[in-house]
Amino acid sequence: MSTFYITTPIYYTNAEPHAGHAYTTIAADVLARYHRLKGDDVFFLTGVDEHGENIQKIADQKNISPQAYCDQIASTFTTLWERLNVSYDIFLRTTSELHKSGVRKLLNTLYKTGDIYKGKYEGYYCRPCERFFTEKEQGTNRICPIHNLPLEWVEEDNYFFALSKYQDPLIKHIHENPEFIQPESRRNEMLNVLESGLEDVSISRSSVSWGIPLPFDTEHISYVWIEALSNYVTALDYAQDGEKFRKFWPADVHLMAKDIARFHALIWPAMLMAVKLPVPKKVVAHGFLTKDGEALSKTLGIFIDMDTDIGTYGLDAFRYYLLREFSFGNDGDYRPSRLDARYNADLANDLGNLLNRTLGLVSKNFGGIPEPTTAGEFDAEIQQMAREMVEKVDALMDQLVFDMALETIWEFVRRINRYIQQTQVWALAKSEETKGRMGTILYNSMEALRVVAVLISPFMPNTANRIRQQLGLDESFNDQGLDTVAEWGGLPSGLVLGKPEPIFPRKDTKKSKRTSKGRPAQAEQPADDNLISFDQFQELDLRVAEVIAAEKVPNADRLLKLQVDLGSEKRQVVAGIAAHYAPEDLIGKQIILVANLQPAKIRGIESQGMLLAAEGGKELAVATFERRMPSGAQVR
RNA sequence: GCCGGUGUAGCUCAGUGGUAGAGCACACGACUCAUAAUCGUGCUGUCUGGAGUUCAACUCUCCACACCGGCACCA
């Protein structure tokens, strides 16, 4: 029996779960269930990452202990997974002793290899990110691009992992194992990163207390990312070299969204190489979800309303939609209107109706499942199609091509609808002579549905179960694996049917009742202690400035070089707004200039200030005045 | 600017060196077992634009444009 170890990332407890987490986790669940169906010994890991300065800070704000805070968030995750029918084998918390002891062992082992060294770290640091910025990253004015906050100069002793040593081994490994990083675009990207050189990474923090102390120097706390990655082995009881670890490592698939592919495809394998452990077989990064074409954003209130959609269409339809509609490696646009279309066309019309019409004919004309006594036209074709479908689905699932796997199953479902049409089964009830043929056709249809139920069970466990019940099969059929569909005829005759009942009642789409935009719950207000004092505000010197000249900065996509008039003086400002404004559009406009900002060199051009602009999603607008003001006037 | 990718019917996408396909949507027809469902037929396409190679390109090469990633740079 082969083993199959699949993981999702352990999610950071800085916020409650959202649809992105659900997408990754449902995909992992489908794979886990599929492999169980194949008879593999499966271990499915998910969990939460609970340490780090951020968590501490949030807990402090809420005036509770970090542990109590994490307990709360962790339970929102487990509740959601239960709701989404996620069949994980372990929900790992990084505050668990299982994890902590594993981390200590891994770090100790790593330390002994000599690939960890102590260095004084001086650098620019972003607290919310909990990381240092390399010189390349920090830019000229030292603002964190993610949080838009000034980077702080921090000096501390840190331990480093000699990641750069593994640059060549990683390149070699990626070349020798083409399937290691998927999809291919991501693989190319990683190779690109490797070619341009890796820097050693810091693996500890001394200013943080909520975390796991380094076993060889307890003054230092393990950096959350390093610690979190370790979870993939600690969850298997790496600490005790446990049975699970020996059985399941290396992982078959690490699944994640594309933003953290780098950690998984480079740093984590390098760590493993350092301690002489096998690296995971596949690192698979999927795309992001957008909503009606817009990036999800908490602050803008763009989110996927899982509750509403699951409430309307059911959990299985939601799971089906996520995996059927999107090509796994690419970004996918979540559109409730498409969910509705999929629901009606695929689930209600094709599958649900097929089950219903078949059962209706059987119960009207036969006591139970009829005997297939009279073979005829199309039978062989359908049986062969079923066999081929099983093989094809298996190959596609192996490649994680979920959308095509489902499409393949639906081709078969449509074929059975056509079979019923072609043979005109219902007309065969009229004479006793044709009754045998009728029973056979219905038997075949039901057997087809049984096969379909098994194949869709990883995607839609509840639906598979309901089909099983309506076919009159007992629960033991739930445990039957893929091999029971390879051969036609696994459905016993004579069974009394369950009660036929539409499994996917058609939704009335005549009038789209959906009010197009579910108004999001108001985005949470930031905590009070983000307030600044009036004095702090006063420190900003904001001025009216008129743009008197503007031109593109060569070799820079986003930059415009502006000459502005402040009344008493002229300034040169470089602004990253080229994607939104043509130079000539700005000339003559009055803008707001931060006049007392430290000058910075941007692309070698001095920028003496910064203009204010609003950004929302992909839109950007420069702040101007509703009527003309003298240049240089103070803004407050 | 650099690296990679994408650009095919209204929508989502597949595809091969010999001038195009699927599903959905739409129209018409058939059927009536069924959840106004199913089945059949049809439908629109300058296969992003231009040049080149070839007997022949949507499919190969080059250039351009647009969009999407990543990097640079910066918001």
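Note that these values count all heavy atoms, side chains included, but never hydrogens, waters or copies made by symmetry. Here is how names work: the chains are called A, B, and so on, in the same order as the sequence lines, proteins then strands, and each is numbered from 1.
Taking the C1' atoms as reference points, B/C60 lies 16 Å from B/C47, given to the whole Å. When the C1' atom is compared between B/A20 and B/U32, the two are found 36 Å apart, to the nearest whole Å. For the P atoms, the distance from B/C24 to B/C39 is 8 Å, rounded to whole Å. Atom C1' of B/G18 sits at a distance of 10 Å from the matching atom of B/C55, rounded to the whole Å. Across the P atoms, B/A30 and B/G15 are found 38 Å apart, a figure rounded to whole Å. For the C1' atoms, the distance linking B/A64 with B/C13 amounts to 26 Å, nearest Å. Taking atom P in both B/U44 and B/G21, one finds a spacing of 12 Å when rounded to whole Å. As rounded to the nearest Å, B/C63 and B/C3 have P atoms that lie 11 Å from one another.
Checking the phosphate oxygens (OP1, OP2) of B/A36, no side-chain nitrogen or oxygen of A/Arg506 falls inside 4.0 Å.
Between A/Asn353 atom CG and B/A36 atom P the separation is 8 Å, expressed in whole Å. For A/Phe378 and B/C39, the CZ to P distance is 14 Å, given to the nearest whole Å. One atom, CD of A/Glu195, and another, C1' of B/C3, lie 11 Å apart when rounded to the nearest Å. At whole-Å resolution of the value, CG in A/Leu354 and P in B/U38 are 11 Å apart. As rounded to whole Å, 19 Å separates atom P of B/C13 from atom CH2 of A/Trp410. B/U38 atom P lies 14 Å from atom CG of A/Leu355, rounded to whole Å. Residue A/Met404 contributes atom CE, which lies 13 Å from atom C1' of B/G21 at whole-angstrom precision. Put simply, NZ on A/Lys258 is 15 Å from C1' on B/C71, counting in whole angstrom units.
Counting only distance, with no hydrogens or angles, the side chain of A/Tyr443 and the backbone of A/Leu491 share a donor-acceptor pair below 3.5 Å. Put simply, the side chain of A/Lys435 gets close to the backbone of A/Asn365: a donor and an acceptor are under 3.5 Å apart.
In terms of position on RNA chain B, the residue among A/Glu189 and A/Gly576 whose nearest nucleotide sits closer to the 5' end is A/Glu189. Mapped onto RNA chain B by nearest heavy atom, A/Arg186 and A/Glu411 fall at different nucleotides, with A/Glu411 at the one closer to the 5' end.
Residues A/Gln563 and A/Gln572 have side chains that bring a donor and an acceptor to within less than 3.5 angstrom of each other. With 3.5 Å as the limit, one finds a donor-acceptor pair spanning the side chains of A/Arg357 and A/Asn417.
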Show the numbers, then the answer: is there a side-chain contact (heavy atoms from CB on, under 4.5 Å) between A/Val283 and A/Met256?
CA-CA 8 Å; A/Val283 173; A/Met256 76 219 63; 3.5 Å; yes

In a table with atom names and distances, give each donor-acceptor pair under 3.5 Å that connects a side chain of residues 378-388 of chain A to protein atoms at least two apart or in another chain.
{"residue": "A/Asp379", "atom": "OD1", "partner": "A/Tyr419", "partner atom": "OH", "Å": "2.7"}
{"residue": "A/Asp379", "atom": "OD1", "partner": "A/Arg437", "partner atom": "NH1", "Å": "3.4"}
{"residue": "A/Asp379", "atom": "OD1", "partner": "A/Arg437", "partner atom": "NH2", "Å": "2.9"}
{"residue": "A/Asp379", "atom": "OD2", "partner": "A/Gly376", "partner atom": "N", "Å": "3.1"}
{"residue": "A/Asp379", "atom": "OD2", "partner": "A/Arg437", "partner atom": "NH1", "Å": "2.8"}
{"residue": "A/Asp379", "atom": "OD2", "partner": "A/Asn444", "partner atom": "ND2", "Å": "3.4"}
{"residue": "A/Glu381", "atom": "OE1", "partner": "A/Arg415", "partner atom": "NH2", "Å": "3.3"}
{"residue": "A/Glu381", "atom": "OE2", "partner": "A/Arg415", "partner atom": "NE", "Å": "2.9"}
{"residue": "A/Glu381", "atom": "OE2", "partner": "A/Arg415", "partner atom": "NH2", "Å": "3.2"}
{"residue": "A/Gln384", "atom": "NE2", "partner": "A/Glu388", "partner atom": "OE2", "Å": "2.7"}

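The aromatic rings of A/Phe263 and A/Trp225 sit parallel, their planes meeting at an angle under 30°, below the 60° perpendicular limit. Classified by interplanar angle (parallel below 30°, tilted 30° to 60°, perpendicular above 60°), the ring pair A/Tyr23/A/Phe326 is perpendicular.
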Dot-bracket assigned to RNA chain B with the 3.5 Å Watson-Crick/G-U criterion, [ ] for crossing and | for other-strand pairs, is (((((((..((((.......)))).(((((.......))))).....(((((.......))))))))))))....

Check the interface with nucleotides 23-33 of chain B: list each N/O to N/O pair with the protein under 3.5 Å, or write none.
{"residue": "B/C33", "atom": "O3'", "partner": "A/Lys364", "partner atom": "NZ", "Å": "3.4"}
{"residue": "B/C33", "atom": "O2", "partner": "A/Arg357", "partner atom": "NE", "Å": "3.2"}
{"residue": "B/C33", "atom": "N3", "partner": "A/Arg357", "partner atom": "NE", "Å": "3.3"}
{"residue": "B/C33", "atom": "N3", "partner": "A/Arg357", "partner atom": "NH2", "Å": "2.6"}
{"residue": "B/C33", "atom": "N4", "partner": "A/Arg357", "partner atom": "NH2", "Å": "2.9"}

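The side chain of A/Pro502 sits closest to B/U35 out of B/U35, B/C71, B/C11.
Among the candidates A/Phe459, A/Tyr334, A/Tyr343, the single residue satisfying the ring-ring contact (aromatic ring centres under 6.0 Å, His included) test with A/Tyr321 is A/Tyr334.
The distance from the CG atom of A/Leu361 to the CG atom of A/Asn356 is 10.0 Å, given to the nearest 0.5 Å.
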